[in-house]
K.L.:
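I have a structure I would like to understand better, so I am pasting it below and will then ask my questions one at a time.
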Amino acid sequence: MTPTPPFQAPTGTRDVLAPESYEWEGLVATYAELAYRYGFSLVMTPIFEDVGVFVRGLGEVSDVFRNEMYVFTDRGDRTLALRPEGTASVVRAFVQHHPTTPWKAWYVTPAFRYERPQAGRYRQHTQLGVEVIGTDDPLVDVEVIALANATYRAIGLRRYRLLVNSMGDRACRPAYVERLSAHLAAHEAELCDEHRERWRQNPLRVLDCKREPCVLVTTEGPLLLDHLCTECRVHFAAVREGLDAVGIAAEVSPRLVRGFDYYTRTTFEFVSEVLESAQNALGGGGRYDGLVEELGGPNVSGIGFGSGVERILMVREREGADEPLVRRVLDAFVVDTVGDATVQRLVETLRGAGLAVDRAYGARSMRAQMKVADRSGARAALLYGPEEAAAGAVTMRDLRAPDDEGAQRRVPLDEVAVAVRALVNGGR
RNA sequence: GUGGGCGUAGCUCAGUUGGUUAGAGCGCCAGGUUGUGGUCCUGGAGGUCGCGGGUUCGACCCCCGUCGCUCACCCCA
């Protein structure tokens, strides 16, 4: 402590202790409950995979693959990578186990990307998300978006917007990309410095560029939404109608292009209004048509979303939510100046009866133990000293009583559980 | 990968133009109150001033390097 510790959490990672960890508990519990309500089941996959899972998943030209992956070789000479996002692993698990479709799976998992850390961005962050594999029904798109939205709402987020777009599919996107490329080529000199060099690698990314030169060029260029094939147009219309039907406001954002190569048709992103910087994406996702097949499975479609836990909680704080998501309060705290086995038994009995109970350690003075009891936030203090030992009882004290009048009374040992329960439930 | 800011007690921070034993508040521990927390009072513990090197008679202060944090670019969650 005093000297510099020899080890610290690695750059871009962090420890989460109470009370912050209570927020995590609350968010994950809320999300798990909602996912269950929406008909999803939990899936857990390893946090590292054969690097090929992610190479095929993300695409070789994606930034994540090119320079952000944690790749390593194990002792068996296998090339593995820590997962940079959730979808590819889940799709791989789908292909390996072929569950009945449509398969609706939810997850919470760490994800790793080697980037410079920044507000709301870490090298290890935590993503919660879902995937639905085996149907291209637009109602599923609506459900996935609705679940994300419901989660944000449930924890109190209000100041965010939903952007949606359609990326087209194998039938219509290639032709569009050619049109776009032609347009970019004609205006190459007007693009921003970076894209003037790089636009050929992934012309769609230029649409997502926020720098003015690119914005000017692409604004007058062709939009994918105007060049969708009939099927994609119908699908996108159904998604929008479905969102409308369940009362979720969505803004069509023709320039929304997300980072991974596998997206087709529906893409969406929730952006927060309280994050000024470029890190304003709360979560996002979309449909992927070729990914399952790419990883060796049948030619079926899937859709999913991922959202960052750290970012959600940061946004929640910035929105001014001061109510903790969960309250962890002890029911009773035991103060013991006798030190025989009685208190040890009592504590276990109370815990067995479903009460949250802690005690002081180290045989300290009653005064010191009472301070600990106070700081613990427990509702009741249970004092056990020589007098109580002689009477086979404890003194139960209400630590939240406004004054000392009637704040405490003697309770026989075998009635303590009932008495504490009554006090916690508002009686005395 | 590129650039800006910052590293002094567990936490939040002071620290004069470089000068001798580095301070405060909160927190922690003990006592006042040998059976009572939340108020009050007294005392105490706790710092190789991020780390390494340099300049100087002398460095928390100046210089170089390094590590870490932070903010922005980029990318995304």
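The chains referred to below are lettered A, B, ... by the order of the sequence lines, with proteins before strands, and numbering in each begins at 1.
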K.L.:
Under 4.0 Å between any heavy atoms, over every strand shown, what does A:Leu282 touch: base, sugar-phosphate, or nothing? Just pick one.
P.N.:
sugar-phosphate

K.L.:
Any donor-acceptor pair under 3.5 Å between the side chain of A:Glu115 and the base of B:A77?
P.N.:
yes

K.L.:
Please work out whether the ring planes of A:Phe270 and A:Phe268 are parallel, tilted or perpendicular, with thresholds of 30° and 60°.
P.N.:
perpendicular

K.L.:
Decide, yes or no, whether a salt bridge links A:Asp336 with A:Arg359 under the criterion of side-chain N to carboxylate O below 4.0 Å.
P.N.:
yes

K.L.:
Under a 4.0 Å threshold between the charged nitrogen and the carboxylate oxygen, would A:Arg410 count as salt-bridged to A:Glu387?
P.N.:
yes

K.L.:
Is it the case that over 12 heavy atoms from other parts of the model lie below 6.0 angstrom from the CZ atom of A:Phe72?
P.N.:
yes

K.L.:
Centre of A:Tyr114's six-membered ring, under 6.0 Å away, within 45 degrees of the axis: is that where NZ or CZ of A:Arg123 sits?
P.N.:
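Ring-cation test returns yes.
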
K.L.:
If you assign A:Glu85 and A:Glu387 each to the RNA chain B nucleotide with the nearest heavy atom, which residue ends up on the more 5' nucleotide?
P.N.:
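Per heavy-atom nearest nucleotide, the more 5' residue is A:Glu387.
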
K.L.:
At 4.0 Å (heavy atoms only), tell me whether A:Thr11 reaches a base, stays on the sugar-phosphate, or touches nothing.
P.N.:
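Here A:Thr11 touches the backbone only, sparing every base.
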
K.L.:
Start with the C-alpha distance between A:Glu310 and A:Thr126, add both sets of side-chain angles, then the distance that settles side-chain hydrogen bond (donor to acceptor under 3.5 Å, both in side chains), and finish with yes or no.
P.N.:
CA-CA 7 Å; A:Glu310 292 83 358; A:Thr126 310; 3.1 Å; yes

K.L.:
What's the gap between B:G47 and B:C11 when it is taken at their P atoms, as a whole Å value?
P.N.:
13 Å

K.L.:
Can you measure A:Arg123 atom CZ to B:C74 atom C1' for me and round it to whole angstrom units?
P.N.:
14 Å

K.L.:
Separation of A:Glu269 atom CD from B:C75 atom C1', in whole Å?
P.N.:
12 Å

K.L.:
Nearest to the side chain of A:Leu383, heavy atoms from C-beta on, is which of B:G35, B:A77, B:G38?
P.N.:
B:G35

K.L.:
With C1' as the reference atom in both, quote the distance from B:A9 to B:G65 in angstrom, rounded to an integer.
P.N.:
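Here B:A9 and B:G65 have their C1' atoms 27 Å from each other.
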
K.L.:
Just by modelled atom types, is the A:Gly120 backbone N or O under 3.5 Å from a matching donor or acceptor in the A:Arg311 side chain?
P.N.:
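Checking the backbone N and O of A:Gly120 against the side chain of A:Arg311, a donor-acceptor pair under 3.5 Å is found.
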
K.L.:
Using the C1' atoms only, state how far B:U20 lies from B:C13, rounded to an integer number of Å.
P.N.:
25 Å

K.L.:
Can you tell me how far C1' of B:G35 sits from CG of A:Leu382, to the nearest Å?
P.N.:
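Answer to the nearest Å: 15 Å.
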
K.L.:
Using Watson-Crick or G-U wobble pairs with both distances under 3.5 Å, give me RNA chain B in dot-bracket, 5' to 3', with [ ] for crossers and | for pairs to another strand.
P.N.:
(((((((..((((.....[...)))).(((((.......))))).....(((((..]....))))))))))))....

K.L.:
Tell me whether A:Glu251 at atom CD has more than 12 heavy atoms from other residues, nucleotides or ligands lying less than 6.0 Å away.
P.N.:
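Correct, the count exceeds 12.
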
K.L.:
What's the closest nucleotide to the side chain of A:Asp374 if the choices are B:G38, B:G35, B:C74?
P.N.:
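For A:Asp374, the side-chain atoms sit closest to B:G38.
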
K.L.:
What is the distance, rounded to the nearest whole Å, between atom CG of A:Leu82 and atom P of B:A77?
P.N.:
17 Å

K.L.:
Heavy atoms only, 4.0 Å cut-off, all strands: where does A:Gly86 land among base, sugar-phosphate and nothing?
P.N.:
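It contacts nothing in the nucleic acid.
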
K.L.:
Within residues 363-370 of chain A, find the residues that approach RNA chain B with a heavy atom at under 4.0 Å, and present them sorted by residue number.
P.N.:
A:Arg364, A:Met366, A:Arg367, A:Ala368, A:Met370

K.L.:
Take atom P in B:C26 and the same atom in B:G18, then report the distance between them in whole Å.
P.N.:
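Going atom to atom, P in each nucleotide, I get 32 Å.
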
K.L.:
Looking only at side-chain atoms of A:Gln118, point me to the closest of B:C73, B:G38, B:G35.
P.N.:
B:C73

K.L.:
Rounding to an integer number of angstrom, what distance separates B:C71 and B:U17 when you compare their P atoms?
P.N.:
31 Å

K.L.:
What distance, rounded to whole Å, do you find between the two C1' atoms, one in B:C51 and one in B:A45?
P.N.:
26 Å

K.L.:
Round to the nearest Å and state the distance from A:Lys371 atom NZ to B:G31 atom P.
P.N.:
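Whole-Å distance recorded here is 11 Å.
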
K.L.:
Does a distance-only test, which skips hydrogens and angles, find a donor-acceptor pair under 3.5 Å between the side chain of A:Arg116 and the base of B:G3?
P.N.:
yes

K.L.:
Quantified in whole Å, what is the P atom distance between nucleotide B:U55 and nucleotide B:C61?
P.N.:
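About 15 Å, rounded to a whole number of Å.
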
K.L.:
Any N or O donor-acceptor pair linking the side chain of A:Arg397 to the base of B:G37 at under 3.5 Å?
P.N.:
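Pair found.
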
K.L.:
Salt-bridge test for A:Arg161 and A:Glu269: reply yes if a basic N is under 4.0 Å from a carboxylate O, no otherwise.
P.N.:
no

K.L.:
Applying a 4.0 Å non-hydrogen cut-off, can you work out what A:Gly120 is touching in the nucleic acid: base, sugar-phosphate, or nothing?
P.N.:
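Base contact.
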
K.L.:
Can a side-chain donor-acceptor contact be found between A:Ser272 and A:Asn280 if the only test is distance below 3.5 angstrom?
P.N.:
no

K.L.:
Rounding to a whole Å, what distance do you find between A:Tyr122:OH and B:G68:C1'?
P.N.:
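It works out to 15 Å between those atoms.
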
K.L.:
Look at the side chain of A:Arg158 and the backbone N and O of A:Glu319, then say whether any donor-acceptor pair between them is shorter than 3.5 Å.
P.N.:
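Judged by distance alone, no pair lies under 3.5 Å.
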
K.L.:
Over how many whole Å does the gap from A:Phe7 atom CZ to B:C51 atom P extend?
P.N.:
17 Å

K.L.:
For nucleotides B:G44 and B:C6, find the distance between their C1' atoms and express it as a whole number of Å.
P.N.:
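One C1' to the other, the span is 33 Å.
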
K.L.:
Name the nucleic acid region contacted by A:Gln124, choosing base, sugar-phosphate or nothing; use a 4.0 angstrom heavy-atom cut-off, strictly under.
P.N.:
nothing

K.L.:
A:His125 has an atom NE2; how far is it from atom P of B:A77, in whole Å?
P.N.:
7 Å

K.L.:
For A:Asn165 and A:Ser253, run side-chain hydrogen bond (donor to acceptor under 3.5 Å, both in side chains): C-alpha distance rounded to whole Å, both residues' side-chain angles, the deciding distance at 0.1 Å, then the answer.
P.N.:
CA-CA 6 Å; A:Asn165 191 20; A:Ser253 176; over 6 Å; no

K.L.:
Of the nucleotides B:G37, B:C28, B:C71, which has the atom closest to the A:Arg375 side chain?
P.N.:
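Selected nucleotide: B:C28.
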
